[in-house]
There are 2 protein chains.
Amino acid sequence: MLSIGKLGQAAGVKVPTIRYYEQIGLLRPATRSEGNQRLYAQSTLSRLAFIRHARDLGFPLEAIRDLLALQDDPNQPCLAADAIARAQLQAVNRRIAQLEALRCELERMVQHCAHGKVADCRVIEVLGNHDLCLHPDHDNGAGDDHHHH
Amino acid sequence: MLSIGKLGQAAGVKVPTIRYYEQIGLLRPATRSEGNQRLYAQSTLSRLAFIRHARDLGFPLEAIRDLLALQDDPNQPCLAADAIARAQLQAVNRRIAQLEALRCELERMVQHCAHGKVADCRVIEVLGNHDLCLHPDHDNGAGDDHHHH
DNA sequence: CTTGAACCTATAGCTACTAGAGACATTAGA
DNA sequence: TCTAATGTCTCTAGTAGCTATAGGTTCAAG
């Protein structure tokens, strides 16, 4: 049996994050010691590593919830897992395309900056006048990313 | 003088977002009509369009706050604006690199899926066993992106 | 047995908005 | 001019995925 701290260390997940996962039902409530502290079996470690890995790959928690349910039911066909992974791949591809457009615009901006006064600054100018953009319909897109660390 | 709705339409920003920007001090409090409704001058439209454009390019609001301050003081040297834009460019580049590693891993995952049972699913397997990854140190990285839309 | 680290709960904060409730203002049409 | 529809007002709470803090308890080493 592992304490929450050992579990977190082994899985590369912070302690409050583990408690958070329990709170939102991604991990089942842990058994407790006599003194009310959480105790985990090895099986929880693999489950948590699974979550951690999926998070690293950018899967949202709701998708992970579905993947875990599939994992718990190994006789199901794996179409659903496949679909979730494909959706994530598409989201990543979309995000990359958007960011590449942004990179292009930002590069133009900083390359043309003459390092003079703000009044003549290309950065400020471009931000103020969208028409100066190469692709006037660029857009940072739907925020399908997550935050961590 | 523009109502908040017209202003939002003209700048491509939703009405509650404009009120939010006022609340956090990114826009100065608007003058009010007799009936307490916000009224905006044309100058606010360009300011809001500036914010919108910078947001589309992924600048965080705090960076935009600094850029606006620079814009209001056109005799300053533009080093600071340049630095903000370069930082944003670097953040975008970092993010692209991370996402490309993710894309690679996700593609491998879905390509090797045999579409059988979950028990044999490559997607589930890879998520559960990090060692199957091409670059075992891949990571979705610091969440420096924002959400909108 | 004591000390310090790790643990507990509960709450608030982070980014950048978005959604909703319930009340007031404005405006276009009859 | 009246009315109905739309727009606006404030305030609060919710979104994702944690992170941080406060104030208290338990555990393990010495």
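Values below: all heavy atoms of this structure, side chains included; hydrogens, waters and symmetry mates excluded. Protein chains get the first letters and strands the later ones, always in sequence-line order, with residue 1 at the start of each.
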Side-chain donor-acceptor contact under 3.5 Å, B/Q98 with B/R95: yes
Atom CZ of B/R32 to atom P of C/dA25: distance rounded to whole Å? 13 Å
For a quick test of reading the model: is some side-chain N or O of B/T17 closer than 4.0 Å to OP1 or OP2 of C/dT18? yes
Atom OH of B/Y20 and atom P of D/dA13 are separated, to the nearest Å, by 17 Å
Under a single-linkage definition using a 4.5 Å side-chain heavy-atom cutoff for Ile, Leu, Val, Met, Phe, Trp and Tyr, are A/L39 and A/L45 assigned to the same hydrophobic cluster? no
Atom CG in A/L67, atom NE2 in A/H53: separation rounded to 0.5 Å? 12.0 Å
Are any of A/S3's side-chain N or O atoms less than 4.0 Å away from OP1 or OP2 of C/dC7? yes
Rounded to whole Å, please give me the gap between CE in A/M1 and P in D/dA28. 14 Å
Judged by nearest nucleotide, the residue sitting upstream toward the 5' end of DNA chain D, A/Y21 or B/V15, is B/V15
Nearest to the side chain of B/Q37, heavy atoms from C-beta on, is which of D/dC9, C/dC17, D/dC18? D/dC9
So if I take every side-chain heavy atom of B/K14 and compare against C/dT26, C/dC8, C/dT18, which nucleotide ends up nearest? C/dT18
OP1 or OP2 of D/dA16 versus the side-chain N and O atoms of A/R55: is any pair under 4.0 Å? no
May I have the distance from B/K6 (atom NZ) to D/dG7 (atom C1'), rounded to whole angstrom? 10 Å
Rounded off to whole Å, could you give me the CZ-to-P distance for the A/R38 and D/dT26 pair? 14 Å
Length of the line joining B/Q9:CD and D/dT6:C1', which is rounded to integer Å: 13 Å
Take the protein atom CD of A/Q23 and the nucleotide atom C1' of C/dT11, then report the distance between them rounded to whole Å. 11 Å
Once you apply a heavy-atom cut-off of 4.0 Å, does A/I4 come out as touching a base, just sugar-phosphate, or nothing? sugar-phosphate
Between B/R19 and B/E22, does any NZ, NE, NH1 or NH2 come within less than 4.0 Å of an OD or OE carboxylate oxygen? no
Using atom CD1 of B/I18 as one end and atom C1' of C/dT18 as the other, report the distance to the nearest whole Å. 14 Å
Can you check whether A/R19 has a side-chain N or O nearer than 4.0 Å to OP1 or OP2 of C/dT9? no
With rounding to the nearest 0.5 Å, note down the distance linking CG in B/L61 to OH in B/Y21. 5.5 Å
